[in-house]
Amino acid sequence: MLDKRYDPKDIENKWYSFWTEKGYFKAEAKSEKPSYCIVIPPPNVTGSLHIGHALDVTLQDIMIRWKRMSGFNTLWLPGTDHAGIATQNVVEKDLKEKGTDRHDLGRDKFIEKVWEWKQSNGSTIINQLKTMGASCDWSRERFTLDEGLSAAVREVFVRLYDEGLIYRGEYLINWCPRCNTALSDLEVEHEDKDGKLYYIKYNLADGSGSLTVATTRPETFLGDTAVAVNPEDERYSGLIGKKVILPLIEREIEIIADEFVDSEFGTGAVKVTPAHDPNDFEMGKRHGLEFINILTGNGSMSEAAGPYKGQDRFECRKNVLKDLEDAGHLENTKDHDMSVGHCYRCRTIVEPFLSKQWFVKIKPLAEEAIKSVREGDVKIIPKGWENSYFDWMENIRDWCISRQIWWGHRIPVWYCQSCEEVLVSKDDPEKCKCGSTDLKQDEDVLDTWFSSALWPFSTLGWPDNTDDLNTFYPTSVLITGFDILFFWVARMMMMGLKFMGKRPFDHVYIHALVRDEHGQKMSKSKGNGIDPLEMTGRYGTDAFRFTLAAYAAQGRDIKFSEQRVEGYRHFLNKIWNVSRFISMNMEQIDKVIEGSEICREGSGIRLSLADRWILDRLASVCAETSSALGEYRFNDAASILYQFVWHELCDWYVELIKPVLYGEDAEAKAAAVSTLVHVFEIALSLLHPFMPFVTEELWQHLPCLRGGDSLCIRTYPTTADGLSDDKSHAEMEIVMDAITGIRSIRGELNIAPSLELKAVIQTAHGADAVLNENLLYISKLAKTSELVIGNDVSIPANAGTAVKDKMEIFVPLEGLVDVEAEIARLSKDLKKVEADIQFVEKKLANKNFVDKAPAAVLEETKTKQRDYAETALAIRENMAKLKQCSG
RNA sequence: GGGCGGGUAGCUCAGUUGGGAGAGCAUCGCCCUUACAAGGCGAGGGUCACAGGUUCGAGCCCUGUUCCGCCUACCA
């Protein structure tokens with residue numbers, strides 16, 4: 001016998017080991033079955049599971065388990081990302097604590113250290129995925145820096161280079177002075193800040209006056225090589241071509257005219273610093289200006305900064321301002337909102353920095369990726385994200401892919417030290433064309449996202465032509481958060497189309513971001529994160545998973561509330577307990593009838609109304625669940641199942657069959673228990689993708705297993721596992737009306753549930769036959785001692801009443817409650833109905849409505865009018881009778 | 001600067017072609033009825049942000065306002 005309460009701990013470990021030992025998660029490289037494949041968004045090896053992963057993994061696992069049960073050759077391919085900068089930062093921090101750094105160690109030793117770190121810590125996140133129940137094929141686990149993937153990276157680099165789509169050049173890029181590396185545009189996070197706009201006065205070289213420029217970064221004036229004004233700006237037209245002298249350092253620069261300058265902004269004159277500002281960079285090129293780099297890689301001032309050399313950039317800003325002020329050159333300071341770029345790995349403010357880097361010429365790749373979505377080859381769900389995708393793709397700029405770090409895919413480019421030759425090669429070259437063996441490989445590594453862009457095919461064996469590749473590419477769906485739509489999804493699109501000639505996935509499902517209660521992104525630095533492992537520990541993985549699924553409405557962020565997890569833990573407990581109830585009653589019958597037999601038309605099994613009703617509901621629920629999952633409506637699927645299991649199966653069906661189970665009719669008992677077992681088994685199957693552990697545990701306790709050794713490979717239910725039956729559905733509703741009617745009278749008048757009541761039901765529209773055939777349901781569920789039912793019954797005078805669709809219910813109150821209370825209750829009801837009547841009659845009095853509304857709507861309204869009138873009349877009569885009694 | 005999403009019950013959120021607003025939790029009342037008190041039964045609770053418009057009819061469609069969140073941008 002199961003415990004009274006559900007305790008998830010042991011159960012989760014037990015079944016996860018069982019599944020993996022049996023190899024249920026393993027995909028077949030070749031199969032007759034249709035394939036279904038998801039590649040996991042590889043978490044960083046440095047990472048630990050956060051709630052975003054938890055959501056991501058849960059949704060993927062739901063789809064994978066659903067498809068696996070539905071007969072697909074299913075592959076969920078797991079793995080991790082080497083996360084260049086992040087991982088290097090972690091290991092460097094370790095080294096720092098030990099009083100050393102990577103430069104002391106040297107490149108090879110350092111990389112060795114990182115691999116050591118990876119070996120001992122890299123599986124943390126993988127193990128956490130397992131605790132979430134992820135049914136990945138672990139035999140296919142990949143790492144972005146493993147041998148196969150590295151080969152793919154080199155293949156891609158070389159081919160793009162050969163096609164002229166990869167080039168090297170000196171440009172202004174984003175530089176993180178703390179990580180000491182270039183970053184792509186995407187790796188810079190902008191943050192709005194209340195800044196200042198400083199007005200600096202530059203004297204004209206000829207002594208004829210001065211010119212004032214405005215800037216947010218005053219220290220960059222040290223690198224100014226011009227001042228620009230708009231050619232149309234009459235204020236400055238006489239100054240173009242003249243020179244000004246930079247204060248403090250006394251350098252002469254020219255005043256130039258450029259249309260870029262906005263005369264409205266600041267003073268209309270712009271200081272031009274070509275080596276430290278993207279606009280100025282362009283202007284510098286247009287006008288052939290000098291590029292003076294005033295910074296070093298670590299953010300301190302360079303030789304070119306003259307007296308400020310060696311100062312930190314922010315220290316320098318302070319000093320420059322002070323010196324300018326002292327010299328009378330700081331004319332004004334105004335508040336100015338601006339956005340400042342930060343490194344997405346370490347939050348340090350990034351600098352536009354001139355350096356030699358590798359780039360991907362991306363427009364040609366983007367064009368194909370745009371086309372693919374535009375033409376519906378790849379579907380993005382929800383569709384709203386397509387706009388963002390197009391917008392980004394259409395305005396895309398070349399991708400800086402080189403990083404000045406050590407951990408990553410080293411750029412496969414060698415420079416001959418004897419001649420000028422540049423060798424780009426998949427394999428390490430031994431000698432140059434010139435015969436020299438003195439080759440030096442490029443020091444830089446590739447952007448981590450370069451390798452993850454290849455993930456959907458590199459993990460399946462590419463560039464080799466493998467069975468996996470043939471079977472599983474294109475993959476079925478990519479499930480991820482929108483935060484990496486550009487970083488990753490867009491780039492996979494480009495690379496997949498380019499190198500496979502086919503889309504990487506059929507669907508992209510973009511799920512919400514999990515935020516805290518204030519709608520803030522959860523993050524370590526804010527300390528507002530919810531630890532998923534804490535959730536699984538406290539409530540069990542299944543409850544947590546179900547919560548995430550129930551939250552996952554399309555196109556809306558999740559503001560996570562722990563209370564809701566608690567609610568779903570109660571749901572698990574409910575399921576657990578109905579299972580106990582089933583076990584207890586199993587012994588009542590000799591043999592459980594097979595579900596297939598129960599649901600077979602003409603099987604000859606005598607099913608009760610309740611049996612037929614729950615089987616009808618089951619058929620609908622099977623259909624609705626699958627259709628919701630097919631459209632990625634996870635929250636709908638979850639709530640359909642919740643509603644069905646708790647309220648229909650537990651609250652109604654179990655209660656309805658109790659009288660049969662405790663009765664003497666062996667045949668009815670067998671039918672009821674068998675139906676209960678069947679419906680429960682199907683419900684477990686439907687729920688399994690959402691809550692794999694508890695459903696497996698309970699399924700294993702069921703007597704007649706149809707699907708084999710494990711629920712996770714049982715066939716997913718379809719409508720054929722239920723029995724559609726409109727008639728029973730309609731009849732059951734009549735019975736339920738009678739029960740809820742009596743319960744309502746009892747509840748509102750505070751009559752103890754234990755007290756048995758007499759009830760008189762005046763019926764219409766054939767309800768009498770249905771009710772009379774099902775007296776037992778009503779007497780047990782509504783706790784009645786006597787039931788009088790008919791189209792023409794004698795109505796008790798002093799009674800609580802309820803008016804329903806096809807019946808009027810009377811519960812004699814003699815001695816039970818005071819009549820005044822019931823009159824008060826009825827006048828409340830009457831008020832409600834009278835408002836209804838008013839509402840409907842107003843509509844019908846409107847000529848426009850009668851003329852223009854569709855016939856069906858008009859008819860419905862008229863029917864309502866009649867029904868309301870009847871109800872109101874009945875209530876008034878009942879009140880009158882009560883008043884007579886009391887009066 | 002541009003774009004996107006949102007403002008629905010005390011809280012967290014659903015609401016799929018426009019026909020009288022729903023769930024879970026919380027609240028209140030009655031119950032320890034032998035699957036479950038992590039439970040059962042019953043009940044209360046909403047000017048669907050605001051203002052216009054289209055329509056016989058608007059939470060839903062259109063316009064504007066406002067508040068919140070996010071994305072994006074070569075905003076000196």
Side-chain angles (χ1 to χ4, degrees), chain A residues 2 4-6 172 185 190 195 197-198 213-217 220 228 260-262 265-273 277-283 336-339 352 384-385 387-388 391-392 395 397 482-483 485-486 513 515 517-521 550-551 553 555-561 563-564 566-585 631 633 635-636 639 642-643 650-651 654-655 658 740 743-754 781-783 835-836 839-840 843 846-854 856-858 860-861 864:
Chain A
L2 295 166
K4 206 166 171 180
R5 285 187 179 190
Y6 169 56
L172 207 57
D185 296 339
H190 293 273
L197 194 58
Y198 303 98
V213 297
T215 180
T216 54
R217 295 188 298 155
T220 61
F260 165 80
V261 181
D262 174 6
F265 191 93
T267 62
V270 189
K271 59 191 276 309
V272 183
T273 324
D277 181 277
N279 291 318
D280 297 3
F281 179 82
E282 294 301 324
M283 246 191 284
H336 179 69
D337 296 340
M338 55 184 195
S339 93
W385 290 108
N387 281 337
S388 303
D391 188 58
W392 188 74
N395 297 301
R397 298 194 302 155
F482 65 81
D483 50 331
L485 179 60
F486 307 139
L513 223 56
R515 300 174 187 281
E517 55 195 329
H518 309 295
Q520 294 280 310
K521 216 164 163 173
Y551 257 124
R556 193 157 175 158
D557 283 344
I558 295 171
K559 281 193 245 166
F560 193 86
S561 154
Q563 275 196 342
R564 209 155 157 189
E566 199 180 342
Y568 290 120
R569 182 184 59 174
H570 296 177
F571 180 44
L572 288 229
N573 200 50
K574 191 76 184 173
I575 297 169
W576 183 261
N577 275 293
V578 76
S579 172
R580 293 178 69 228
F581 177 79
I582 291 170
S583 316
M584 287 172 184
N585 286 285
E631 293 166 30
R633 289 183 287 113
N635 60 324
D636 285 346
S639 82
Y642 181 95
Q643 194 68 25
C650 294
D651 288 348
V654 166
E655 296 305 322
K658 274 180 181 171
T740 52
R743 279 176 173 176
S744 186
I745 294 168
R746 179 198 295 277
E748 288 195 49
L749 297 177
N750 286 345
I751 300 168
S754 52
L781 270 63
K783 272 265 166 67
D836 289 343
F839 177 82
V840 177
K843 252 184 172 181
N846 183 345
K847 191 169 178 305
N848 280 323
F849 174 75
V850 179
D851 290 347
K852 294 182 183 170
V857 174
L858 184 62
E860 197 188 314
T861 310
K864 274 184 186 168

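The chains referred to below are lettered A, B, ... by the order of the sequence lines, with proteins before strands, and numbering in each begins at 1.
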* Asked: What do you reckon, do A:Trp576 and the base of B:A35 stack, with centroid distance below 5.5 Å and planes below 30°?
  -> no
* With P as the reference atom in both, quote the distance from B:A51 to B:C13 in angstrom, rounded to an integer. => 25 Å
* Could you state the CZ-C1' distance from A:Phe486 to B:C71, rounded to the nearest angstrom? -> 7 Å
* Whole-Å gap separating C1' (B:A58) and CG (A:Asn848) -> 17 Å
* To do: Describe the nucleic acid contact of A:Ser744 in one word from base, sugar-phosphate, nothing, applying a heavy-atom distance below 4.0 Å.
  => sugar-phosphate
* Euclidean distance for C1', B:C36 against B:C32 (whole angstrom) -> 12 Å
* Check the distance between B:C4's C1' and A:Leu513's CG and give it to me in whole angstrom. => 14 Å
* Provide the distance between the two C1' atoms, one in B:G10 and one in B:C4, to the nearest whole Å. => 30 Å
* Using the C1' atom on both, measure B:G69 against B:G18 and round to a whole Å. => 28 Å
* Asked: Which part of the nucleic acid does A:Thr861 contact within heavy-atom distance under 4.0 Å: base, sugar-phosphate only, or nothing?
  -> nothing
* **Paired nucleotide for B:G22 [Watson-Crick or G-U wobble; both distances under 3.5 Å]** => B:C13
* State the pairing partner of B:C50; accept Watson-Crick or G-U wobble contacts with both distances under 3.5 Å, and report none otherwise. => B:G64
* Asked: When the nearest nucleotide of RNA chain B is assigned to A:Asp337 and to A:Glu748 on a heavy-atom basis, which residue is associated with the more 5' position?
  -> A:Glu748
* Asked: How many Å lie between CG on A:Asp851 and P on B:U55, as a whole number?
  -> 15 Å
* Expressed as a whole number of Å, how far does the C1' atom of B:A49 sit from that of B:U8? -> 10 Å
* To do: Report the base-pairing partner of B:A58 (Watson-Crick or G-U wobble, both distances below 3.5 angstrom), or none.
  => none
* Structure fact -> Under a 3.5 Å limit on both distances, the Watson-Crick or wobble mate of B:G1 is B:U72
* Write down the distance separating the C1' atoms in B:G20 and B:G24, rounded off to the nearest Å. => 24 Å
* Evaluate the ring planes of A:Phe486 and A:Trp392, with Trp represented by its six-membered ring, and classify them as parallel (under 30°), tilted (30 to 60°) or perpendicular (over 60°). => parallel
* Asked: With rounding to whole Å, what would you report as the distance between B:U72 and B:A38 at their C1' atoms?
  -> 46 Å
* Structure fact -> Per-nucleotide protein contact along nucleotides 23-34 of chain B, 5' to 3', at a 4.0 Å heavy-atom cut-off (B base, S sugar-phosphate only, - neither), is -SS---SSS---
* Structure fact -> RNA chain B nearest-nucleotide lookup for A:Glu655 and A:Thr267: closer to the 5′ end is A:Glu655
* Asked: Now, which nucleotide makes the Watson-Crick or G-U wobble pair with B:U34, with each of the two distances under 3.5 Å?
  -> none
* Heavy atoms under 4.0 Å, any strand shown: does A:Pro854 hit a base, just sugar-phosphate, or nothing? -> base
* For atom CD of A:Glu860 and atom C1' of B:G57, their distance in whole Å -> 13 Å
* Asked: Would you say the side chain of A:Asp836 and the base of B:G20 hold a donor-acceptor pair, judged only by whether the two atoms sit under 3.5 Å apart?
  -> yes
* Asked: With respect to the phosphate group of B:G39, does any side-chain polar atom (N or O) of A:Lys574 fall under 4.0 Å of OP1 or OP2?
  -> no
* To do: Would you kindly give the CG-to-P distance between A:Asp391 and B:C71, to the nearest whole Å?
  => 14 Å
* To do: Remember a base hit wins even if backbone is also touched, and classify A:Val272 as base, sugar-phosphate or nothing at under 4.0 Å, heavy atoms.
  => nothing
* Asked: Roughly, in whole Å, what's the span from CD1 in A:Ile558 to C1' in B:G6?
  -> 15 Å
* Asked: What distance, rounded to whole Å, do you find between the two P atoms, one in B:G42 and one in B:G5?
  -> 41 Å
